[in-house]
Amino acid sequence: MKANTLKNIFNEFEHKSTFVSYSELNSGHINDTFLIKATGNKNFILQRINHKIFKDVPGLVNNKVLTSKHLKSKFPNIKEEELNQKVLSFVKTKNSDFYYYKKGGNYWNVMIFINDSITHEIVKNEEVAYEGGKLLGRFLNLTSDLDSSALINVIPNFHDMSFRYAQYTSSLQSASKERLFKAEKYTRLVSSLKDEMHILQRLKETGDIPTRVTHNDTKISNSLFNKDNKGICMIDTDTVMPGIIHYDFGDAIRTICNTAAEDEKDLSKVEFNLEYYKAYEKGFLEQTKFSLSETELKYLPLGAKTMIFIMALRFLTDYLNNDVYYKIDYHGHNLDRAKNQFKLIESFTNKIS
Ligand code: GN1
Ligand code: MG
């Protein structure tokens with residue numbers, strides 16, 4: 001991407017700052033994300049939203065803006081500028097009331113960068129796990145009075161096991177012999193876990209577990225910390241939509257308790273860290289224990305296992321589909337991600353049963 005192109009797009013937004021330089025942030029699998037340095041020591045995040053995956057970008061941006069406004073309304077006594085460093089804030093375009101700019105079929109949005117903040121790809125101490133649990137708990141608590149029907153389903157059936165399973169079975173039909181052969185061990189594992197992995201789906205369908213506003217991409221790298229490792233806020237609200245809290249809890253656990261990155265190839269490095277689980281759960285429950293039902297609380301561990309399985313299944317499905325969804329760095333990347341997640345399920349099952 002040329003600096004001039006990014007500068008021109010950035011200048012479509014109402015920020016009163018002058019573009020100085022940019023760098024690309026590479027941790028996401030879907031969107032293109034750039035850190036923009038501007039004059040006056042101001043930083044912004046400029047993001048191109050992948051409209052092949054997110055079919056209704058205006059609806060998605062509306063979800064994000066609505067969620068941020070709701071979160072901000074919880075801090076009536078804090079000045080806007082200070083609040084912009086505590087809650088994700090979106091910038092309007094200069095020439096419209098929209099928070100996205102569309103050019104050549106691409107959609108862009110701008111957020112105010114939260115200064116002196118850090119993210120963790122891998123967790124290295126219990127404090128980060130604990131603070132991460134508090135952050136998600138607080139996010140779910142503060143949005144519990146936001147009517148989830150005000151939000152669109154950004155990706156219909158996103159964490160829906162029946163849908164993910166159907167996608168998987170159809171990928172089995174169309175996959176090449178070579179890929180099916182390489183994935184065989186894992187397709188057998190899927191069959192053995194199938195029934196247990198549909199329990200939450202049933203409870204969601206019967207209404208025993210309620211639908212609330214959920215984040216839906218709670219991997220630990222989507223939590224922002226300050227330099228002392230205290231939690232600031234959850235970021236990447238692209239997938240905020242109605243859902244069940246178990247998958248939010250589970251997706252965080254999936255990444256926090258993995259002793260390696262989600263695409264680590266050396267599976268001996270992939271273990272489930274029970275201490276981090278306990279620390280995360282402690283922080284999470286401190287914030288949510290009074291707002292969640294007994295049934296919701298009872299099924300948190302199964303939420304973790306099911307979410308790891310959903311990701312294993314999605315990576316495996318994409319591998320069988322010749323890598324059409326996730327960005328990959330090399331041939332077999334998606335299969336390595338799937339293997340990694342299956343190893344994590346094995347370790348989880350040995351430690352929590
Ligand atoms: C994708 O692009 P990113 O990293 O925010 C995916 C999540 C997965 C994650 C796996 C819309 O998120 O569901 O958990 O990769 N987002 C979408 O790292 O599919
Ligand atoms: Mg995301």
Side-chain angles (χ1 to χ4, degrees), residues 24-35 45 47-57 59-61 63-64 67-68 88 90 107 109 111 119-123 132 135-136 139 151-161 163-164 167-168 171 214-224 233-244 246-258 260-264 270 303-319 321 323-329 333-342 344-345:
E24 183 162 7
L25 306 177
N26 282 317
S27 88
H29 296 354
I30 311 283
N31 295 327
D32 299 312
T33 308
F34 304 92
L35 171 64
I45 295 289
Q47 200 163 41
R48 176 165 61 184
I49 300 169
N50 186 331
H51 60 276
K52 297 213 170 76
I53 286 176
F54 297 114
K55 307 281 187 225
D56 178 0
V57 178
L60 171 151
V61 173
N63 275 8
K64 302 206 282 190
T67 305
S68 278
L88 216 52
F90 297 88
Y107 293 86
N109 78 149
M111 284 160 272
T119 54
H120 297 280
E121 293 293 329
I122 295 182
V123 171
L135 272 187
L136 174 62
F139 177 88
L151 304 176
I152 64 150
N153 268 309
V154 180
I155 299 182
N157 302 316
F158 191 53
H159 290 331
D160 183 291
M161 185 58 87
F163 174 72
R164 292 299 179 195
Q167 280 188 321
Y168 162 72
S171 76
T214 48
H215 181 286
N216 295 298
D217 194 8
T218 55
K219 57 184 176 188
I220 189 62
S221 56
N222 279 339
S223 286
L224 220 53
C233 67
M234 305 279 308
I235 55 169
D236 184 5
T237 47
D238 287 351
T239 44
V240 169
M241 59 183 149
I244 63 173
H246 298 81
Y247 297 143
D248 274 0
F249 179 79
D251 210 12
I253 291 297
R254 177 181 81 79
T255 52
I256 287 168
C257 300
N258 194 340
E262 82 180 358
D263 61 351
E264 172 60 57
V270 178
K305 186 169 179 178
T306 310
M307 193 60 225
I308 307 170
F309 180 80
I310 287 180
M311 285 314 303
L313 197 63
R314 289 178 63 196
F315 289 140
L316 186 62
T317 303
D318 201 32
Y319 173 71
N321 283 337
D323 313 308
V324 289
Y325 188 87
Y326 293 110
K327 292 181 190 172
I328 53 165
D329 295 335
H333 200 168
N334 272 317
L335 183 60
D336 284 340
R337 288 171 175 145
K339 287 181 182 177
N340 177 305
Q341 299 295 292
F342 280 116
L344 191 61
I345 294 179

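Note that ligands are numbered from 1 as they come in the structure, with each ligand's atoms numbered from 1 the same way. Only heavy atoms go into these numbers, but all of them, side chains included; no hydrogens, no water, no symmetry mates.
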Problem set entry | Closest protein heavy atom (residue, atom, distance) for atom 10 (C) of ligand 1 | Glu262 OE2, 3.5 Å

Exercise. Is there a donor-acceptor pair closer than 3.5 Å between any side-chain N or O of Asp248 and the backbone N or O of His215?
Worked result: yes

Seminar exercise, completed: Near Phe54 (heavy-atom distance under 4.0 Å), the atoms of ligand 1 are 11 (C)

Exercise. Tyr326 heavy atoms, cut-off 4.0 Å: which ligand 1 atoms fall inside?
Worked result: 15 (O)

Exercise. What residue and atom, counting heavy atoms only, is the protein's closest point to atom 1 (C) of ligand 1, and at what distance?
Worked result: Ile30 CG1, 3.9 Å

Problem set entry | Residue part near ligand 1, for Asp217, under 4.0 Å between non-hydrogen atoms | side chain

Problem set entry | Heavy-atom side-chain proximity of Val57 to Val61 below 4.5 angstrom | yes

For this session: Check whether any heavy atom of Arg337 sits under 4.0 Å from an atom of ligand 1.
Result: no

Exercise. Does a donor on one side chain and an acceptor on the other come within less than 3.5 Å for His333 and Asp263?
Worked result: yes

For this session: Between Met307 and ligand 1, find which residue part has any heavy-atom pair under 4.0 Å and reply side chain, backbone, both or neither.
Result: neither

Exercise. Closest non-hydrogen protein atom to atom 19 (O) of ligand 1, residue and atom name please, with distance?
Worked result: Tyr325 OH, 2.5 Å

For this session: Look only at the side chain of Thr255 and the backbone of Ile220, and say whether a donor-acceptor pair between them is shorter than 3.5 Å.
Result: yes

Problem set entry | Within-cut-off N or O pair, Ser27 and ligand 1, under 3.5 Å | no

Exercise. Counting only N and O atoms by type, is there a donor-acceptor contact under 3.5 Å from the side chain of His159 to the main-chain atoms of Arg164?
Worked result: no

Exercise. Is the distance from the Mg ion (ligand 2) to some N, O or S atom of Asp238 under 2.8 Å?
Worked result: no

Problem set entry | Name, closest N/O/S atom of Asp217 to the Mg ion (ligand 2) | OD2

Seminar exercise, completed: Between Val154 and Val240, the two heavy atoms sitting closest are CG2-O, 3.7 Å

Problem set entry | Contact atoms of ligand 1, heavy-atom distance to Arg254 under 4.0 Å | 10 (C), 14 (O)

Exercise. Does any N or O atom in Asn216 lie less than 3.5 angstrom from one in ligand 1, N or O only?
Worked result: no

For this session: Considering non-hydrogen atoms only, spot the tightest contact between Thr119 and Ser221 and give its length.
Result: CG2-O, 3.5 Å

For this session: Identify, by atom number and element, the atoms of ligand 1 in contact range of Asp236, meaning under 4.0 Å from any of its heavy atoms.
Result: 5 (O)

Exercise. Of the non-hydrogen atoms in Asn31 and Asp238, which two are nearest, and what is the gap between them?
Worked result: ND2-OD2, 2.6 Å

Problem set entry | Exercise: do Asp251 and Asn222 side chains pair donor with acceptor under 3.5 Å | no

Exercise. Do Asn334 and Arg337 meet the criterion of a side-chain donor-acceptor pair at a distance under 3.5 Å?
Worked result: yes

Problem set entry | Among the N, O or S atoms of Asp236, the one nearest the Mg ion (ligand 2) | OD2

For this session: Distance to 0.1 Å, residue and atom name: give those for the protein heavy atom nearest to atom 8 (C) of ligand 1.
Result: Met311 CE, 3.7 Å

Problem set entry | For atom 15 (O) of ligand 1, the protein heavy atom that lies nearest, with its residue and separation | His29 CD2, 3.3 Å

Exercise. Backbone or side chain, does any N or O of His159 fall under 3.5 Å from an N or O of ligand 1?
Worked result: no

For this session: Identify the two heavy atoms, one from Asn216 and one from Met241, that lie closest to each other, and give their separation to 0.1 Å.
Result: ND2-CG, 3.4 Å

Exercise. Within the distance-only criterion (no hydrogens, no angle test), does the side chain of Asn63 pair as donor or acceptor with the backbone N or O of Leu151 below 3.5 angstrom?
Worked result: no

For this session: Please name the pair of heavy atoms, one in Phe163 and one in Asn157, separated by the smallest distance, quoted to 0.1 Å.
Result: CD2-O, 3.2 Å

Seminar exercise, completed: For atom 3 (P) of ligand 1, the closest protein heavy atom turns out to be Lys219 NZ, 3.3 Å

For this session: Using a strict cut-off of 4.0 Å, indicate which atoms of ligand 1 neighbour a heavy atom of Gly28.
Result: 2 (O), 4 (O)

Exercise. Which atoms from ligand 1 have a heavy atom of Arg314 less than 4.0 Å away?
Worked result: 13 (O), 17 (C), 19 (O)

